[in-house]
Amino acid sequence: MARVIVVGDGPGGMSAALFLAKNGHEVTVFGQDKTAMNFAYLYNYLGIPEIAGTELQEIAHQQVRRFGGEIREEEAKSIAIDGVIEVTTETGSFQSDYLILTEGKNPILARSLGVEEDEAGAIVVDRDMRSSVENVYVVGRSVRPTRSQAIISAGAGAVAAVDILAREAGEDVQDWDTPPKE
């Protein structure tokens, strides 16, 4: 079982946390519910006719907690990597094997780690959302600062989570659920 810290509780972070928690990994999300979703109303989120961003956030938090994910309403102040990833907050330090950053348009923590950026200041990631720093993923607006959408961020969070699941399993993984048997 991997330990994963997610910094940011918007659609990208919550999607990643849900996939990982649902598959038995230890997930801690640091977020203060200051996401732009609280100012959004969504008509373009596949499978949902329409929903207030705040309501989507509440549902996402409930889903992650239902599968055992921990959501800590506090800010990640700093990150250090020396064999393990260590995230420090006002209440203490937390260690993990993987880190998923969803910091929005001002990725201070990602930049403090020295991740590669393009000429426009976007964080460079590969197709699995891996940054240039080992075991650090970046999703959402930090990667696509001018082309941000909730559903794109959620998909990117899922991509990062499935990559972690595959790395931990040592083989490709598909996260596929089936309806309950009646």
Side-chain angles (χ1 to χ4, degrees), residues 4-23 25 27-76 87 98-111 115 117-118 120-131 136-166 173-180:
V4 183
I5 289 178
V6 178
V7 175
D9 61 348
M14 296 310 293
S15 176
L18 176 60
F19 274 73
L20 292 160
K22 185 174 77 70
N23 283 283
H25 294 279
V27 180
T28 304
V29 178
F30 292 96
Q32 297 175 295
D33 199 24
K34 292 182 179 179
T35 172
M37 290 303 298
N38 289 310
F39 305 99
Y41 198 84
L42 304 170
Y43 294 98
N44 61 350
Y45 207 96
L46 183 64
I48 300 173
E50 61 185 75
I51 191 168
T54 300
E55 184 180 356
L56 183 72
Q57 284 296 109
E58 289 171 7
I59 293 167
H61 282 230
Q62 290 170 9
Q63 286 178 303
V64 169
R65 285 185 175 116
R66 187 175 108 219
F67 285 105
E70 179 182 11
I71 301 172
R72 298 183 65 94
E73 294 184 19
E74 58 185 305
E75 181 182 359
V87 175
Y98 299 95
L99 174 65
I100 301 173
L101 295 169
T102 65
E103 295 180 272
K105 56 186 172 181
N106 190 17
I108 295 168
L109 295 172
R111 288 183 176 130
V115 297
E117 298 180 60
D118 68 15
I123 305 301
V124 175
V125 295
D126 69 10
R127 68 186 186 114
D128 293 314
M129 309 314 293
R130 293 184 207 166
S131 76
V136 175
Y137 295 75
V138 182
V139 302
R141 212 169 194 175
S142 302
V143 175
R144 298 173 53 94
T146 60
R147 294 183 176 190
S148 178
Q149 283 289 331
I151 200 161
I152 294 170
S153 294
V159 167
V162 169
D163 188 65
I164 292 169
L165 294 173
V173 170
Q174 291 187 4
D175 182 70
W176 180 260
D177 298 318
T178 57

Residues in side-chain hydrogen bond (donor to acceptor under 3.5 Å, both in side chains) contact with Arg111, at least two apart in sequence or another chain = Glu117
State which residues pass side-chain hydrogen bond (donor to acceptor under 3.5 Å, both in side chains) with Arg144; sequence neighbours excluded, sorted by chain then number.
-> none
With Leu99, which residues qualify under side chain to side chain contact (heavy atoms under 4.5 Å, CB included), at least two apart?
-> Ile5, Val7, Ile79, Ile85, Val87, Leu101, Leu113, Val136
Taking every heavy atom of Gly157 against every heavy atom of Val139, the minimum-distance pair comes out as N-CG1, 4.1 Å
Kindly write out the residues that satisfy salt bridge (charged side-chain N to carboxylate O under 4.0 Å, His left out) with Arg66, not counting sequence neighbours, or none if the list is empty.
-> none
Tell me, please, which residues at least two apart from Glu50 pass side-chain hydrogen bond (donor to acceptor under 3.5 Å, both in side chains).
-> Tyr41
Nearest atoms (heavy-atom pairs only) where Pro11 meets Ala150 = CB-O, 3.5 Å
What heavy-atom pair brings Ala16 and Ala161 nearest, and what distance separates the two atoms?
-> O-CB, 3.6 Å
Between the side chain of Ser142 and the main-chain N/O of Gly104, is any donor-acceptor distance below 3.5 Å?
-> yes
Approximate separation, where rounding is to 0.5 Å, of Leu109 CG and Glu103 CD | 4.0 Å
With Met14 as reference, evaluate Thr102, Ile71, Val6 under the side-chain contact (heavy atoms from CB on, under 4.5 Å) test and give the passing residue.
-> Ile71
Hits for side chain to side chain contact (heavy atoms under 4.5 Å, CB included) against Ile51, two or more places apart or cross-chain, chain-then-number order -> Leu42, Ile48, Glu55, Leu56, Ile59
Anything under 3.5 Å between a donor and an acceptor, one on a side chain of residues 120-127, the other on a protein residue two or more places apart or in another chain? List them.
residue : atom : partner : partner atom : Å
Asp126  : OD1  : Asp128  : N            : 2.8
Asp126  : OD1  : Met129  : N            : 3.2
Asp126  : OD1  : Arg130  : N            : 3.0

Value for CG (Asn106) from CZ (Arg141), rounded to nearest 0.5 Å, stands at 11.0 Å
Thr35 and Gly10: which non-hydrogen atoms are nearest, and at how many Å?
-> OG1-CA, 3.8 Å
Would you indicate whether the side-chain heavy atoms of Leu20 and Ile100 approach each other to under 4.5 Å?
-> yes
Tell me, please, which residues at least two apart from Glu73 pass salt bridge (charged side-chain N to carboxylate O under 4.0 Å, His left out).
-> none
Could you pull out the closest heavy-atom pair between Ala160 and Tyr137, with the gap in Å?
-> CB-CD2, 3.7 Å
Who passes side-chain hydrogen bond (donor to acceptor under 3.5 Å, both in side chains) against Gln149, sequence neighbours left out?
-> Asn44
For Ala166 and Val173 the tightest heavy-atom approach is CA-CG2, 3.6 Å
With sequence neighbours excluded, residues passing side chain to side chain contact (heavy atoms under 4.5 Å, CB included) with Val162 = Phe19
Side chain to side chain contact (heavy atoms under 4.5 Å, CB included) against Arg72, all qualifying residues, sequence neighbours excluded = Thr28, Phe30, Glu70, Glu74, Thr91, Phe94
Write out all pairs satisfying salt bridge (charged side-chain N to carboxylate O under 4.0 Å, His left out) with one or both partners inside residues 12-23, taking only residues at least two apart or from two chains.
-> Lys22-Asp175, Lys22-Asp177
Look at the side chain of Gln57 and the backbone N and O of Asp33, then say whether any donor-acceptor pair between them is shorter than 3.5 Å.
-> no
